[in-house]
There are 2 protein chains.
Amino acid sequence: MTVSDGRSFIEEGSPANDFFVVTEGRVKLFTLLPDGRRQITGFAEGGDFLGLAASRSYAFGAEALGTVTLCRFPHAGMSRLTHRFPNLEHRLREEASRELILMQARMTLLGRKTARERVATFLIERARLLHGPDTEQMAETIELDLPMPRSDIADYLGLTIETVSRIFSAFKKEGLINIRAITHISLLAPERISLIAEGAE
Amino acid sequence: MTVSDGRSFIEEGSPANDFFVVTEGRVKLFTLLPDGRRQITGFAEGGDFLGLAASRSYAFGAEALGTVTLCRFPHAGMSRLTHRFPNLEHRLREEASRELILMQARMTLLGRKTARERVATFLIERARLLHGPDTEQMAETIELDLPMPRSDIADYLGLTIETVSRIFSAFKKEGLINIRAITHISLLAPERISLIAEGAE
DNA sequence: CGGATCTTTGATAGAGGTCAAGTGCCGTGG
DNA sequence: CCACGGCACTTGACCTCTATCAAAGATCCG
């Protein structure tokens with residue numbers, strides 16, 4: 001299954017019949033308020049599961065960020081699969097657990113961190129996606145590619161586009177980052193950004 | 001295992017050896033920032049699972065809200081259990097999924113809702129805990145007991161104590177609720193509160 | 001009762017949102 | 001190859017909501 005840029009393939013509230021695995025590309029997951037306010041609850045990449053939270057209807061919408069390829073599994077067939085591969089059930093639970101831990105951190109970000117801390121956290125999160133969770137290499141410059149527009153970053157961090165933009169500019173002026181292109185940012189002082197992210201500066 | 005009021009029984013970051021089920025009473029789960037800012041990520045009640053997000057160390061702290069009794073299961077013994085009761089694994093995943101859905105809603109609350117909307121959402125959430133998710137009975141008055149202090153409500157909603165207090169007062173003045181006692185609130189117009197919660201007013 | 005703690009209320013300040021121009025980037029077409 | 005238009009991003013001015021700081025009640029418990 002292939003979905004092209006900007007195309008929505010899960011409608012929030014629609015009946016949840018399938019379960020997806022992202023094979024190529026990126027996806028944004030979000031929930032909406034009636035007046036259009038949007039919270040992006042996560043970005044999914046190759047290998048990520050989607051629709052784990054199996055209920056009657058989807059609790060979120062999903063939209064392609066660039067071109068995406070997915071595997072679609074009908075829920076109906078899942079019970080047959082888990083029966084055949086008992087380990088699968090365990091694997092799915094692990095995946096759900098991992099997601100739960102991430103969400104707890106994001107709740108702290110949304111509920112308690114300042115705008116600076118949120119943006120710093122976002123940058124570090126992206127850096128770790130590339131170079132693993134190790135703190136090593138944090139001393140050097142890290143090149144980052146942000147495939148999503150500012151509006152997605154804002155909705156992910158619970159901020160406005162303007163605030164995100166202003167903070168990127170501030171970080172640049174402080175010598176923490178370099179903005180090579182709109183989608184390409186260099187972290188010049190990852191260690192210091194990491195400190196800001198934890199609320200220590 | 002019994003824990004008395006205010007006692008902490010899971011330390012954030014400590015090695016995650018056990019898995020808990022709340023049998024009696026209530027528990028608050030939270031994460032902390034280095035400077036003491038706190039985000040309460042959820043309240044657990046009788047029947048709820050704790051420590052599902054099984055990783056090396058606990059991603060959250062837990063503290064008793066009143067006296068609590070718990071069952072403690074060492075992780076080590078879990079694999080034996082799930083082997084004996086294959087259904088358990090499925091049950092755990094369902095529980096994790098349910099939690100994931102709740103967390104998505106909370107992320108939207110923390111990232112995108114106003115203070116009024118957050119407090120209204122909290123009240124409706126509590127009401128549903130008593131009377132089920134049905135919208136019926138929403139027409140009448142609902143009596144609520146809030147077992148947690150304002151500081152917990154504030155840290156749950158990503159607000160300050162003062163803001164929570166002011167909004168309770170405002171709701172009272174608007175005839176939406178009645179504050180019988182600090183811990184006892186009557187929802188006089190559940191339907192209208194529900195609308196506020198969704199951002200429709 | 002009396003003191004500690006929690007909650008409410010008031011006054012003020014500040015972080016981030018809103019509104020409104022720019023600015024830069026990129027694709028299209030002349 | 002350059003001009004133009006559109007769109008995303010940035011920047012600025014201003015405002016609002018919520019946090020902060022400070023008392024003044026409530027409530028609880030010895």
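Scope of the values below: all heavy atoms of this structure, side chains included, with no hydrogens, waters or symmetry mates. Each chain gets a letter, A, B and so on, in the order its sequence line appears, and its residues count up from 1. Keep in mind that this is a model prediction, so the values were computed, not measured.
- At least one side-chain heavy atom of B/Phe168 sits less than 4.5 Å from a side-chain heavy atom of B/Ile153.
- Taking atom CG of B/Leu157 as the reference point, atom P of D/dT18 lies 12 Å away to the nearest angstrom.
- No side-chain donor from either of B/Arg150 and B/Ser165 sits under 3.5 Å from a side-chain acceptor of the other.
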Give the B/S/- string for nucleotides 19-30 of chain D, one per nucleotide from 5' to 3', where a protein heavy atom under 4.0 Å of the base yields B, of only the sugar-phosphate yields S, and otherwise -.
SBB---------
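- Identified under the side chain to side chain donor-acceptor pair (under 3.5 Å) test for residues 10-26 of chain A, with sequence neighbours left out: A/Asp18-A/Arg72, A/Thr23-A/Thr69, A/Arg26-A/Glu45.
- Contact record, B/Leu92 with B/Met78: CD1-CE, 3.7 Å, taken as the closest heavy-atom pair.
- Applying the side chain to side chain donor-acceptor pair (under 3.5 Å) test to every pair with at least one member in residues 28-37 of chain A, sequence neighbours left out, gives these pairs: A/Lys28-A/Asp152, A/Thr31-B/Thr108, A/Asp35-A/Arg37, A/Arg37-B/Glu117.
- Using modelled atom types, one finds no donor on one side chain facing an acceptor on the other under 3.5 Å when comparing A/Arg118 with A/Tyr156.
- Atom NZ of A/Lys173 and atom C1' of D/dT10 are 12 Å apart (whole Å).
- If you measure from atom CZ of B/Arg116 to atom P of D/dT16, you get 17 Å, rounded to the nearest angstrom.
- Heavy atoms from other residues, nucleotides or ligands lying under 6.0 Å from NE2 of A/His184 number more than 12.
- Residues A/Leu110 and A/Gly158 come closest through the heavy atom pair CD2-N, 3.9 Å.
- First and last contacting nucleotides of DNA chain C toward chain B (any atom under 4.0 angstrom from a heavy atom, 5' to 3' order): C/dT7 to C/dA11.
- The side chain to side chain contact (heavy atoms under 4.5 Å, CB included) test applied to B/Ala154 returns B/Val164, not counting sequence neighbours.
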Which dot-bracket string fits DNA chain C when only Watson-Crick or G-U wobble pairs with both atom distances under 3.5 Å count, crossing pairs get [ ], and | stands for a partner on a different strand?
||||||||||||||||||||||||||||||
